[in-house]
Amino acid sequence: MNEETWEQVRAVVASIPPGSVLSYGDVAEIAGLRSARIVGRILAEDSADLPWHRVLRSNGTVAEHLRQRQLELLRAEGVLADGARVSMRRYRWTPDEEPRPEV
DNA sequence: AAAATGACCTGGG
DNA sequence: ACCCAGGCCATTT
(Lines give C-alpha, C1' and ligand atoms only; values in the text may rest on other atoms or scores of the structure.)
Protein backbone atom coordinates (compact mmCIF):
# COMPACT_ATOMS: atom_id res chain seq x y z
CA MET A 1 0.00 0.00 0.00
CA ASN A 2 1.65 3.21 -1.00
CA GLU A 3 1.83 6.13 1.35
CA GLU A 4 0.08 8.46 -1.01
CA THR A 5 -3.20 6.63 -1.51
CA TRP A 6 -3.31 5.93 2.19
CA GLU A 7 -3.28 9.63 2.97
CA GLN A 8 -5.70 10.39 0.14
CA VAL A 9 -8.26 8.06 1.58
CA ARG A 10 -7.84 9.41 5.08
CA ALA A 11 -8.24 12.95 3.81
CA VAL A 12 -11.51 12.11 2.10
CA VAL A 13 -12.95 10.37 5.14
CA ALA A 14 -11.88 13.23 7.37
CA SER A 15 -13.74 15.66 5.14
CA ILE A 16 -17.16 14.07 5.52
CA PRO A 17 -19.27 16.46 7.57
CA PRO A 18 -21.24 15.27 10.60
CA GLY A 19 -24.71 14.08 9.70
CA SER A 20 -23.65 12.84 6.26
CA VAL A 21 -22.24 9.56 5.00
CA LEU A 22 -20.36 8.10 2.04
CA SER A 23 -20.05 4.56 0.76
CA TYR A 24 -16.68 2.82 0.52
CA GLY A 25 -17.03 3.09 -3.22
CA ASP A 26 -17.70 6.82 -3.02
CA VAL A 27 -14.57 7.34 -0.99
CA ALA A 28 -12.59 5.25 -3.45
CA GLU A 29 -13.88 7.25 -6.38
CA ILE A 30 -13.15 10.60 -4.78
CA ALA A 31 -9.70 9.42 -3.76
CA GLY A 32 -9.05 8.23 -7.31
CA LEU A 33 -8.97 4.50 -6.63
CA ARG A 34 -10.57 1.66 -8.55
CA SER A 35 -11.40 -0.55 -5.63
CA ALA A 36 -13.69 -0.01 -2.69
CA ARG A 37 -11.98 -2.88 -0.91
CA ILE A 38 -8.87 -0.81 -0.46
CA VAL A 39 -10.85 1.76 1.47
CA GLY A 40 -12.27 -0.86 3.80
CA ARG A 41 -8.84 -2.28 4.27
CA ILE A 42 -7.31 1.05 5.22
CA LEU A 43 -10.03 1.78 7.73
CA ALA A 44 -9.75 -1.70 9.20
CA GLU A 45 -6.08 -1.12 9.74
CA ASP A 46 -6.30 2.25 11.45
CA SER A 47 -9.38 4.39 11.84
CA ALA A 48 -8.66 5.73 15.31
CA ASP A 49 -8.60 9.44 14.53
CA LEU A 50 -11.13 9.44 11.72
CA PRO A 51 -14.94 9.67 11.52
CA TRP A 52 -14.93 6.11 10.20
CA HIS A 53 -18.59 5.62 11.12
CA ARG A 54 -19.59 7.94 8.27
CA VAL A 55 -18.45 5.33 5.77
CA LEU A 56 -20.79 2.43 5.05
CA ARG A 57 -21.86 0.08 2.30
CA SER A 58 -23.48 1.46 -0.82
CA ASN A 59 -26.78 -0.18 0.12
CA GLY A 60 -26.86 1.49 3.52
CA THR A 61 -25.98 -1.52 5.64
CA VAL A 62 -22.80 -1.96 7.66
CA ALA A 63 -20.56 -4.90 8.44
CA GLU A 64 -21.86 -7.22 11.18
CA HIS A 65 -19.08 -6.75 13.66
CA LEU A 66 -19.51 -2.96 13.57
CA ARG A 67 -23.26 -2.71 13.43
CA GLN A 68 -24.03 -1.71 17.03
CA ARG A 69 -21.23 0.76 17.43
CA GLN A 70 -21.51 2.41 14.04
CA LEU A 71 -25.25 2.97 14.09
CA GLU A 72 -25.00 4.38 17.57
CA LEU A 73 -22.35 6.90 16.54
CA LEU A 74 -24.44 7.89 13.54
CA ARG A 75 -27.57 8.25 15.60
CA ALA A 76 -25.68 10.64 17.83
CA GLU A 77 -25.25 13.01 14.91
CA GLY A 78 -28.74 12.69 13.52
CA VAL A 79 -28.30 9.89 11.01
CA LEU A 80 -31.12 7.52 11.81
CA ALA A 81 -31.17 3.88 10.74
CA ASP A 82 -34.32 2.06 9.81
CA GLY A 83 -33.49 -1.22 11.46
CA ALA A 84 -30.10 -2.28 10.14
CA ARG A 85 -30.22 0.02 7.16
CA VAL A 86 -29.41 3.72 6.75
CA SER A 87 -31.15 5.61 3.97
CA MET A 88 -28.45 6.59 1.54
CA ARG A 89 -31.01 8.67 -0.29
CA ARG A 90 -31.27 10.97 2.68
CA TYR A 91 -27.79 11.06 4.09
CA ARG A 92 -25.33 10.47 1.28
CA TRP A 93 -22.95 13.36 1.01
CA THR A 94 -22.01 15.25 -2.12
CA PRO A 95 -19.59 18.18 -1.67
CA ASP A 96 -21.85 20.75 -3.30
CA GLU A 97 -25.24 19.73 -2.05
CA GLU A 98 -27.94 22.05 -0.77
CA PRO A 99 -30.25 21.40 2.17
CA ARG A 100 -31.99 18.12 1.50
CA PRO A 101 -35.68 18.04 0.75
CA GLU A 102 -37.75 16.17 3.30
CA VAL A 103 -38.28 12.45 2.92
C1' DA B 1 3.73 -19.88 -6.22
C1' DA B 2 -1.24 -20.53 -5.24
C1' DA B 3 -5.20 -19.95 -2.51
C1' DA B 4 -7.90 -17.80 0.89
C1' DT B 5 -9.53 -13.58 3.17
C1' DG B 6 -11.78 -9.18 3.83
C1' DA B 7 -15.19 -2.62 7.32
C1' DC B 8 -16.70 -3.90 -1.06
C1' DC B 9 -19.77 -3.22 -5.70
C1' DT B 10 -22.87 -4.15 -9.64
C1' DG B 11 -25.83 -6.53 -12.39
C1' DG B 12 -28.95 -10.44 -13.23
C1' DG B 13 -32.46 -13.85 -12.28
C1' DA C 1 -36.54 -10.40 -0.29
C1' DC C 2 -33.33 -14.05 -1.97
C1' DC C 3 -29.22 -16.12 -4.28
C1' DC C 4 -25.30 -16.02 -7.68
C1' DA C 5 -21.41 -14.59 -10.67
C1' DG C 6 -17.79 -11.63 -11.60
C1' DG C 7 -14.97 -7.78 -10.69
C1' DC C 8 -11.95 -5.70 -7.40
C1' DC C 9 -6.83 -5.80 -4.88
C1' DA C 10 -3.54 -5.72 -0.72
C1' DT C 11 -2.28 -8.93 2.69
C1' DT C 12 -1.80 -13.24 4.82
C1' DT C 13 -1.66 -18.25 4.79
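Note that the structure is predicted; figures quoted are calculated from it, not measured. Per chain, numbering begins at 1; letters A, B, ... match sequence-line order.
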To the side chain of A:Met1, which of B:dA7, C:dC9, C:dT11 is closest? C:dT11
Spacing of the C1' atoms in C:dG7 and B:dT5 (rounded, Å): 16 Å
Any chance you could lay out the salt bridge (Lys or Arg N to Asp or Glu O under 4.0 Å) test for A:Arg75 and A:Glu72, step after step, and finish with the verdict? CA-CA 5 Å; A:Arg75 188 169 65 245; A:Glu72 164 187 320; 5.1 Å; no
Over how many whole Å does the gap from A:Glu29 atom CD to C:dG7 atom C1' extend? 16 Å
From CG of A:Leu73 over to P of B:dA7, roughly how many Å is that when rounded to an integer? 18 Å
Provide, to the nearest angstrom, the distance between the CG atom belonging to A:Leu56 and the C1' atom belonging to B:dG6. 17 Å
What's A:Ser47 touching, base or sugar-phosphate or nothing? Going by heavy atoms closer than 4.0 Å. base
Whole-Å gap separating C1' (C:dA10) and CH2 (A:Trp6): 16 Å
Is the shortest side-chain N/O distance from A:Arg41 to OP1 or OP2 of B:dA7 below 4.0 Å? no
Tell me the interatomic distance from A:Ile38, atom CD1, to B:dG6, atom P, rounded to whole angstroms. 15 Å
Between A:Met88 (CE) and B:dC9 (P), how many Å, whole number? 8 Å
Report yes if at least one side-chain N or O of A:Ser58 is closer than 4.0 Å to OP1 or OP2 of B:dT10; otherwise report no. yes
Partners of A:Glu3 by salt bridge (Lys or Arg N to Asp or Glu O under 4.0 Å), sequence neighbours excluded? none
Are any side-chain N or O atoms of A:Ser47 and backbone N or O atoms of A:Ala44, one a donor and one an acceptor, separated by less than 3.5 Å? no
May I ask you to check whether over 12 heavy atoms, not counting those of A:Glu29, lie within 6.0 Å of atom CD? no
Sugar-phosphate, base or nothing in reach of A:Leu43, heavy atoms under 4.0 Å: base
With P as the reference atom in both, quote the distance from B:dA4 to C:dA5 in angstrom, rounded to an integer. 16 Å
What's the NE2-P distance between A:His65 and B:dA7, to the nearest Å? 5 Å
Proximal nucleotide (of C:dC8, B:dA7, C:dT11) relative to the A:Ser35 side chain: C:dC8
Quickly work out the A:Leu33 CG to C:dC9 C1' distance and round it to whole Å. 11 Å
Is the number of heavy atoms from other residues, nucleotides or ligands under 6.0 Å of A:Asp82 CG greater than 12? no
